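Atoms considered below: every heavy atom in the structure, side chains included; atoms not considered: hydrogens, waters and symmetry mates. If you're wondering where the values come from, they're calculated on a predicted model, not measured in any experiment.
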Amino acid sequence: MAIACVKTRANKGVDAPSVTVEVHLSNGLPAFNLVGLPETSVKEAKERVRSAIINTGLEFPVRRITVNLAPADLPKQGGRYDLPIAIGILAASGQIPPQAIIPLEFVGELALSGYIRPCQGLIPVITAAQRQQIGLVLPIDNQKEAELVGYQNVHFTNTLQSLCSFLHGQTSLPSLDNNIQWQSSPTEHSHNPLGCLSDIIGQQQAKLGLEIAAAGNHNLLMMGPPGTGKTMLASRILSILPDLTYEEALEVATLYSVAGQSINQNAFFLRKFRNPHHTSSAISLIGGGSIPQPGEISLAHKGVLFLDELAEFPRKVLDCLREPMETGEVVISRAAAKLTFASQFQLIAAMNPSPCGDINNPRANPDQILRYLSKLSGPFLDRFDLTLDVPKLPVGTLNNHHSQQETSQIVAKRVKQAREIQLERSGILNNQLTGTQLKKTNWFHPSDLHYLEDTLNKLGLSVRSYHKIQRVARTIADLKSEKNIDRSHIAQALSYRAMDKLLNNLKAY
């Protein structure tokens, strides 16, 4: 009787639980049985492994082979189990030394020729191996993902033959370069390829609102006629946001790895900007599928999710965003698994205020505009901290070449300074402040809070809006480096409630 155990890891969202591949060779009629809750892609590994071993010049045992993937209650899918199954068969048949595989984990898909193909979602595997300080053997085409993590005890191979030579101690395998330094020190803020705020003509009020949203990580809705610069403004927000830390960037890269999307090392520290089309389904935004995958909100983690033409999105799709916007994560439950993906995104949205594009268009009466705006539910609109009016430019603005526009670099310094003040004071950004935290502080004078409450009652706003306006006022004060909040800050925060004012004006007709 011959038996061998090989360690590998499964793919379960952003986690990589350990899996033991047990191979047993026994006498009897030749057979190859694979058990342990394998899906179709794993069952097909039998033919890939058989051909790879033969074409490598090794002997495939003509015996009864039983392969168990433990634990048996964990679903297994994909071709990542090909390599550990092949190594287990070779170790059980005595073609490689069993003691050589004990300190290692193996992940890789085999070609019929014995070439080892790359697999997706390996960043969770590498980080899990790093936590347990165990060696790892990966396809050489996955080297870039290993470089993002920076774990040194990783070996890369491209053929089964070279791996067998390594396990026999005859050759060495490539590993990570010890001189890789880029992942430990983010580069200075340089977002020129993303455009500059100075490219946008006029719209000073909208630019200030964008700066406040960036400083406090607030959700922002821009309303205005077509061609006033809403999309252009939204695309410039990355140019004023600070870079990610290494831990945050690796968290984002893990989600991209699980989703099977490539990761640009040159943009590793840049925040992601996701811009899904308004025909996107709820699953594409939230995530899901028979094997749950991250959606757009998770791919925008620590970055920006921009929804252009907001009123054209189906109402049910937009309402799916409400819980993740509050909790910062999304839980996807399916028959196969229940997975949690991080989704701490900043929502920036743009829309026209009427079905004709412009609220002053004589073709649109108040009833038509109200029906158009009713596509957005009240609780969803309540999630926006700021709603800006982006009007048409005054006559003569386009030909005014003498006006000086602030660059993104100047605004980014103020945003970074305001964020540093928030993190030093509370450890979190202002958009994460709870109602209890706001109440315990002495930032607001009681008379100012009474003024805010009276204004909210007149506008018919909720308690959530009461707290959101306080958070925005706190951000406005931070941008001015002021410790306390006065009525001018509250009044400025109230001025960024364009949607509430529009709805009240329409109801007055």
Which salt bridge (Lys or Arg N to Asp or Glu O under 4.0 Å) pairs, counting each pair once, include a residue from residues 71-82, with sequence neighbours left out?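 Salt bridge (Lys or Arg N to Asp or Glu O under 4.0 Å) check on residues 71-82 returns Arg48-Asp82.
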
Sequence neighbours excluded, every pair satisfying salt bridge (Lys or Arg N to Asp or Glu O under 4.0 Å) that has a member inside residues 107-133: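 Checked against salt bridge (Lys or Arg N to Asp or Glu O under 4.0 Å) - neighbours excluded - no pair reaches residues 107-133.
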
Kindly compute the distance separating [atom1] ([X]) from [atom2] ([Y]), expressed to the nearest 0.5 Å.
X: Leu388; Y: Leu210; atom1: CG; atom2: CG; answer: 8.0 Å
X: Glu147; Y: Phe268; atom1: CD; atom2: CZ; answer: 11.0 Å
X: Ile123; Y: Asn142; atom1: CD1; atom2: CG; answer: 9.5 Å
X: Lys272; Y: Leu299; atom1: NZ; atom2: CG; answer: 10.0 Å
X: Gln133; Y: Gln152; atom1: CD; atom2: CD; answer: 11.0 Å
X: Asn33; Y: Asn68; atom1: CG; atom2: CG; answer: 11.5 Å

Kindly say whether [Y] contributes a backbone atom to a donor-acceptor pair with the side chain of [X] at under 3.5 angstrom?
X: Ser426; Y: Leu423; answer: no
X: Glu22; Y: Val67; answer: no
X: Asp15; Y: Pro17; answer: no
X: Asn430; Y: Gly216; answer: no
X: Asn431; Y: Asn217; answer: yes
X: Gln422; Y: Ala215; answer: yes
X: Tyr256; Y: Ser262; answer: no
X: Asn55; Y: Gly114; answer: no
X: Asn158; Y: Ile140; answer: no
X: Thr8; Y: Val107; answer: no

Side-chain contact, heavy-atom cut-off 4.5 Å: [X] with [Y]?
X: Ile286; Y: Leu321; result: yes
X: Arg474; Y: Thr441; result: no
X: Leu339; Y: Lys12; result: yes
X: Cys164; Y: Leu90; result: yes
X: Pro276; Y: Leu305; result: yes
X: Leu479; Y: Ile212; result: yes
X: Tyr81; Y: Leu34; result: no
X: Ile53; Y: Leu160; result: yes

Return the minimal non-hydrogen interatomic distance between [X] and [Y], and the atom names on each side.
X: Arg315; Y: Ser377; value: NH2-CB, 3.3 Å
X: Ala342; Y: Leu255; value: O-CD1, 4.0 Å
X: Phe384; Y: Leu347; value: CZ-CD2, 3.6 Å
X: Leu285; Y: Ser280; value: CG-CB, 4.4 Å
X: Ile85; Y: Val23; value: O-CG2, 4.3 Å
X: Pro124; Y: Thr127; value: O-OG1, 3.0 Å

Chi angles and distances behind the side-chain contact (heavy atoms from CB on, under 4.5 Å) call for Asn275, Thr231: CA-CA 10 Å; Asn275 183 14; Thr231 303; 5.6 Å; no

Where at least one partner belongs to residues 303-322, residue pairs that pass ring-ring contact (aromatic ring centres under 6.0 Å, His included), sequence neighbours excluded: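 Every ring-ring contact (aromatic ring centres under 6.0 Å, His included) pair that includes a residue of residues 303-322, provided the two are not neighbours, is Phe273-Phe306.
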
For residues 83-123, which residue pairs qualify under ring-ring contact (aromatic ring centres under 6.0 Å, His included), counting only residues two or more places apart or in two chains?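 The answer is none; no pair qualifies.
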
Is a donor from one side chain sitting under 3.5 angstrom from an acceptor on the other, for Glu145 and Ser257?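 Yes.
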
When you compare the side chains of Glu329 and Thr327, does any donor N or O come within less than 3.5 Å of an acceptor on the partner?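 Glu329 vs Thr327: no donor-acceptor pair found between side chains.
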
Derivation and outcome, side-chain contact (heavy atoms from CB on, under 4.5 Å), residues Met222 and Ile348: CA-CA 8 Å; Met222 293 180 286; Ile348 307 293; 4.0 Å; yes

Walk me through whether Asp243 and Arg271 qualify under side-chain contact (heavy atoms from CB on, under 4.5 Å). CA-CA 7 Å; Asp243 288 328; Arg271 296 178 188 272; over 6 Å; no

Could you tell me whether Gln143 atom CD has more than 12 heavy atoms of other residues or ligands within 6.0 Å of it?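 Correct, the count exceeds 12.
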
So does Glu424 have more than 12 non-hydrogen atoms from other groups sitting under 6.0 Å from CD?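 Counting neighbours around CD of Glu424, 12 or fewer heavy atoms of other residues, nucleotides or ligands fall under 6.0 Å, so no.
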
Does [X] pair with [Y] as a salt bridge, N-O distance under 4.0 Å?
X: Glu47; Y: Arg50; value: yes
X: Asp385; Y: Arg471; value: no
X: Arg322; Y: Asp319; value: yes

Kindly state each residue pair satisfying side-chain hydrogen bond (donor to acceptor under 3.5 Å, both in side chains) with at least one member in residues 294-304, sequence neighbours excluded.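 Non-adjacent pairs meeting side-chain hydrogen bond (donor to acceptor under 3.5 Å, both in side chains): Glu251-His301, Arg274-Glu296, Lys302-Gln344.
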
Report the C-alpha separation of Ile87 and Val137 in whole Å, then their side-chain angles, then the decisive distance to 0.1 Å, and conclude whether the side-chain contact (heavy atoms from CB on, under 4.5 Å) test is met. CA-CA 11 Å; Ile87 293 297; Val137 176; over 6 Å; no

Excluding sequence neighbours, so at least two apart, what forms salt bridge (Lys or Arg N to Asp or Glu O under 4.0 Å) with Arg64?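 Listed in chain order: nothing, the list is empty.
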
